[in-house]
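In this chain, numbering begins with 1 at the start of the sequence shown.
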Amino acid sequence: MQLYCFPYKGCKPNSRLGIQMLSVQPDTKPKGCAGCNRKIKDRYLLKALDKYWHEDCLKCACCDCRLGEVGSTLYTKANLILCRRDYLRLFGVTGNCAACSKLIPAFEMVMRAKENVYHLDCFACQLCNQRFCVGDKFFLKNNMILCQTDYEEGLMKEGYAPQVR
């Protein structure tokens, strides 16, 4: 299997929305900002939730980060406008690591092997403790994560020679 890194749990698709940065045309009537209700006279404005915003007015309700600066996505739920991290922190699903059994927060990056989920630091060969990097090969045998060397040694002990391609 090839190794890839994923966020633990994503959000529901209908709560993730895009942000567009638009250039204000000098010959158009100034648009009103959905955040402060003042006219937008800046060179650029943001369009999100089918409304127009000053760059400073489209902020996360929790951490106050400017959403136009942290990416092109915002999240909404319970009448809140949120950045990805706060959305996952408030509404994401958490679970336990298959190796250490400790809690994995919803916003944390994880490794997955079939139905098991691991902290990045816990994803290692369960015989020699070799850590894997993204793109490395690993093997899953009897629900144990193994490096290629330990997997092949196990096959040899069982009397099976691995097929090398």
Side-chain angles (χ1 to χ4, degrees), residues 1-125 129-140 143 145 147:
M1 292 183 195
Q2 287 290 110
L3 191 58
Y4 299 98
C5 190
F6 301 96
Y8 183 52
K9 292 284 183 184
C11 65
K12 294 183 174 101
N14 62 357
S15 55
R16 184 172 114 178
L17 303 163
I19 301 171
Q20 291 178 294
M21 179 173 274
L22 304 172
S23 174
V24 176
Q25 303 302 318
D27 56 340
T28 60
K29 181 181 167 192
K31 301 191 181 321
C33 175
C36 68
N37 294 318
R38 292 190 305 242
K39 297 286 182 198
I40 302 172
K41 298 177 183 174
D42 303 342
R43 185 174 176 188
Y44 296 100
L45 58 85
L46 298 175
K47 183 177 181 184
L49 305 170
D50 292 324
K51 298 176 183 174
Y52 297 97
W53 307 78
H54 288 106
E55 290 179 83
D56 288 336
C57 292
L58 187 58
K59 294 182 180 180
C60 174
C62 288
C63 70
D64 256 0
C65 72
R66 291 172 41 158
L67 294 172
E69 290 180 355
V70 295
S72 60
T73 306
L74 63 82
Y75 298 78
T76 62
K77 190 160 184 173
N79 292 325
L80 296 172
I81 297 174
L82 302 164
C83 66
R84 180 182 186 279
R85 182 175 176 89
D86 284 327
Y87 176 83
L88 291 174
R89 186 176 55 80
L90 293 170
F91 303 109
V93 179
T94 59
N96 293 329
C97 175
C100 71
S101 300
K102 292 182 183 170
L103 184 72
I104 301 174
F107 57 83
E108 190 170 309
M109 297 300 280
V110 297
M111 303 307 282
R112 296 178 191 271
K114 298 217 177 197
E115 67 278 348
N116 296 330
V117 181
Y118 302 85
H119 292 106
L120 293 180
D121 290 339
C122 294
F123 197 81
C125 176
N129 293 322
Q130 173 190 329
R131 300 235 355 246
F132 299 101
C133 296
V134 172
D136 286 351
K137 284 186 179 179
F138 70 95
F139 297 85
L140 198 58
N143 226 20
I145 299 169
C147 66

Identify, with sequence neighbours excluded, every residue that meets side-chain hydrogen bond (donor to acceptor under 3.5 Å, both in side chains) alongside Tyr118.
Asn116

Extract all donor-acceptor atom pairs below 3.5 Å that involve side chains of residues 53-63 and protein atoms in other chains or at least two apart in sequence.
{"residue": "Trp53", "atom": "NE1", "partner": "Ala48", "partner atom": "O", "Å": "3.0"}
{"residue": "His54", "atom": "NE2", "partner": "Lys39", "partner atom": "O", "Å": "3.4"}
{"residue": "Asp56", "atom": "OD1", "partner": "Arg66", "partner atom": "NH1", "Å": "2.4"}

Is there a side-chain contact between [X] and [Y] (heavy atoms, below 4.5 Å)?
X      : Y      : result
Thr76  : Leu49  : yes
Leu140 : Ile145 : yes
Ile40  : Pro30  : no
Asn96  : Val117 : no

Kindly compute the distance separating [atom1] ([X]) from [atom2] ([Y]), expressed to the nearest 0.5 Å.
X      : Y      : atom1 : atom2 : result
Lys41  : Lys31  : NZ    : NZ    : 15.0 Å
Leu120 : Met109 : CG    : CE    : 7.0 Å
Arg84  : Cys65  : CZ    : SG    : 12.5 Å
Cys147 : Phe138 : SG    : CZ    : 12.5 Å
Ile81  : Leu74  : CD1   : CG    : 6.5 Å

Main-chain N/O of Met111 paired to His119 side chain as donor or acceptor, under 3.5 Å
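No, His119 side chain to Met111 backbone: no donor-acceptor pair under 3.5 Å.
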
Results of salt bridge (Lys or Arg N to Asp or Glu O under 4.0 Å) for Arg38 - residues two or more places apart only:
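Arg38: no salt bridge (Lys or Arg N to Asp or Glu O under 4.0 Å) contacts found.
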
Residue list, salt bridge (Lys or Arg N to Asp or Glu O under 4.0 Å) with Asp121, at least two apart or on another chain:
Arg131

Phe132 and Cys125: side chain to side chain contact (heavy atoms under 4.5 Å, CB included), yes or no, with the steps?
CA-CA 8 Å; Phe132 299 101; Cys125 176; 4.2 Å; yes

